[in-house]
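The structure appears below as structure tokens.
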Amino acid sequence: MTSIFTKIINREIPSKIFFESDEVIVIQDINPKEKVHLLIIPKADTKDFFNTPAATLSMLNGTAKRVAEKLGLADHFKIVINNGFGQEIDHVHYHFLSNRDIGQIEFIN
Ligand code: AMP
């Protein structure tokens with residue numbers, strides 16, 4: 001079944017997108033738990049962290065570092081990955097969180 005994140009990637013449902021490449025999309029979490037709460041989502045749909053190839057995880061890590069640097073949060077963020085436990089959406093994703101107030105986020109190049 002197509003995940004809600006794949007529908008966002010395919011522009012079938014709207015989302016606030018902050019970064020996009022051929023491999024990944026970074027969006028605003030619709031129900032933010034912190035001042036900054038983004039979701040880093042690979043376009044290739046695997047159901048969870050455990051089942052995601054190492055190369056994809058490496059790409060996601062690099063994206064997280066890029067987002068942190070571009071948002072001025074390199075020293076103040078956390079990544080949360082729910083693998084089965086606490087996971088609502090079966091399409092692997094990283095939660096990128098910070099409680100620092102950085103104001104409005106612009107598109108990240
Ligand atoms: P998880 O529990 O790790 O699967 O997290 C799923 C996350 O997706 C939650 O933080 C939700 O708030 C978020 N979410 C659900 N639907 C959407 C949506 N349409 N756009 C953005 N974020 C969403």
Side-chain angles (χ1 to χ4, degrees):
M1 213 178 78
T2 308
S3 78
I4 193 166
F5 291 154
T6 295
K7 288 183 177 160
I8 287 172
I9 289 161
N10 292 337
R11 306 303 199 266
E12 290 165 28
I13 60 172
S15 178
K16 191 148 198 190
I17 297 168
F18 293 121
F19 177 75
E20 185 167 23
S21 74
D22 290 346
E23 297 175 304
V24 65
I25 194 164
V26 179
I27 66 167
Q28 172 68 45
D29 193 292
I30 205 165
N31 184 21
K33 310 283 190 301
E34 289 287 355
K35 288 186 180 121
V36 177
H37 188 168
L38 309 183
L39 299 173
I40 301 173
I41 308 163
K43 291 188 173 178
D45 178 359
T46 47
K47 72 168 184 158
D48 59 19
F49 177 87
F50 187 82
N51 287 284
T52 299
T56 305
L57 297 177
S58 179
M59 181 276 295
L60 294 173
N61 291 345
T63 304
K65 289 181 75 170
R66 180 177 183 150
V67 167
E69 188 170 35
K70 295 276 185 178
L71 296 182
L73 293 171
D75 63 340
H76 199 82
F77 70 93
K78 64 174 142 182
I79 301 289
V80 173
I81 302 161
N82 297 319
N83 187 93
F85 177 43
Q87 184 177 1
E88 289 170 21
I89 298 180
D90 289 338
H91 180 146
V92 65
H93 53 283
Y94 287 9
H95 296 257
F96 180 97
L97 300 141
S98 180
N99 68 353
R100 189 178 280 166
D101 192 351
I102 58 167
Q104 181 114 359
I105 300 175
E106 307 292 338
F107 190 80
I108 299 164
N109 290 304

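None of the values given here were measured: they were computed from a predicted structure. Along the sequence shown, residues are numbered consecutively beginning with 1. Numbering of ligands and ligand atoms starts at 1, following listing order.
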For [X], counting its heavy atoms only, list the atoms of ligand 1 lying under 4.0 Å from any of them.
| X | answer |
| --- | --- |
| Q87 | 2 (O), 4 (O) |
| F5 | 8 (O) |
| H95 | 1 (P), 3 (O), 5 (O), 7 (C), 10 (O) |
| I27 | 21 (C) |
| N31 | 12 (O) |

Inset, instruction - Answer yes or no: does an N/O atom from I89 fall short of 3.5 Å to an N/O atom of ligand 1? - result: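 N/O-N/O distance below 3.5 Å exists for this pair.
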So does [Y] get a backbone contact from the side chain of [X], meaning a donor-acceptor N/O pair under 3.5 Å?
| X | Y | answer |
| --- | --- | --- |
| D48 | G84 | no |
| T63 | M59 | yes |
| N51 | T46 | no |
| S98 | H76 | yes |

Legend entry - Shortest heavy-atom approach to atom 7 (C) of ligand 1 - which of D29, I30, I41, N82: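 Considering heavy atoms of D29, I30, I41, N82, the nearest to atom 7 (C) of ligand 1 sits in D29.
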Legend entry - Taking every non-hydrogen atom, the tightest pair across F77 and A68: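 Looking at all heavy atoms of both residues, the shortest contact is CE2-CB, 3.6 Å.
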Legend entry - Minimum-distance protein heavy atom relative to atom 4 (O) of ligand 1: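 I find the closest protein heavy atom is E88 N, 2.8 Å.
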Inset, instruction - Mark the output for G86 as yes if a heavy-atom distance to ligand 1 is under 4.0 Å, and as no if none is. - result: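 A heavy atom of G86 does come that close to ligand 1.
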Legend entry - Close approach, D90 and ligand 1, non-hydrogen under 4.0 angstrom: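 Judged by the 4.0 Å heavy-atom criterion, D90 does not count as contacting ligand 1.
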Inset, instruction - Go through the steps for R66 and V26 under the test side-chain contact (heavy atoms from CB on, under 4.5 Å), then give the verdict. - result: CA-CA 11 Å; R66 180 177 183 150; V26 179; over 6 Å; no
Inset, instruction - Identify, with sequence neighbours excluded, every residue that meets side-chain hydrogen bond (donor to acceptor under 3.5 Å, both in side chains) alongside E20. - result: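 Residues passing side-chain hydrogen bond (donor to acceptor under 3.5 Å, both in side chains) with E20: R11, K43.
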Inset, instruction - Answer side chain, backbone, both or neither: which part of H93 comes under 4.0 Å from ligand 1, heavy atoms only. - result: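 It is the side chain that touches ligand 1; the backbone stays farther off.
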Inset, instruction - Kindly state each residue pair satisfying ring pair (Phe, Tyr, Trp, His ring centres under 6.0 Å) with at least one member in residues 17-41, sequence neighbours excluded. - result: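 Sorted result for residues 17-41: H37-H95.
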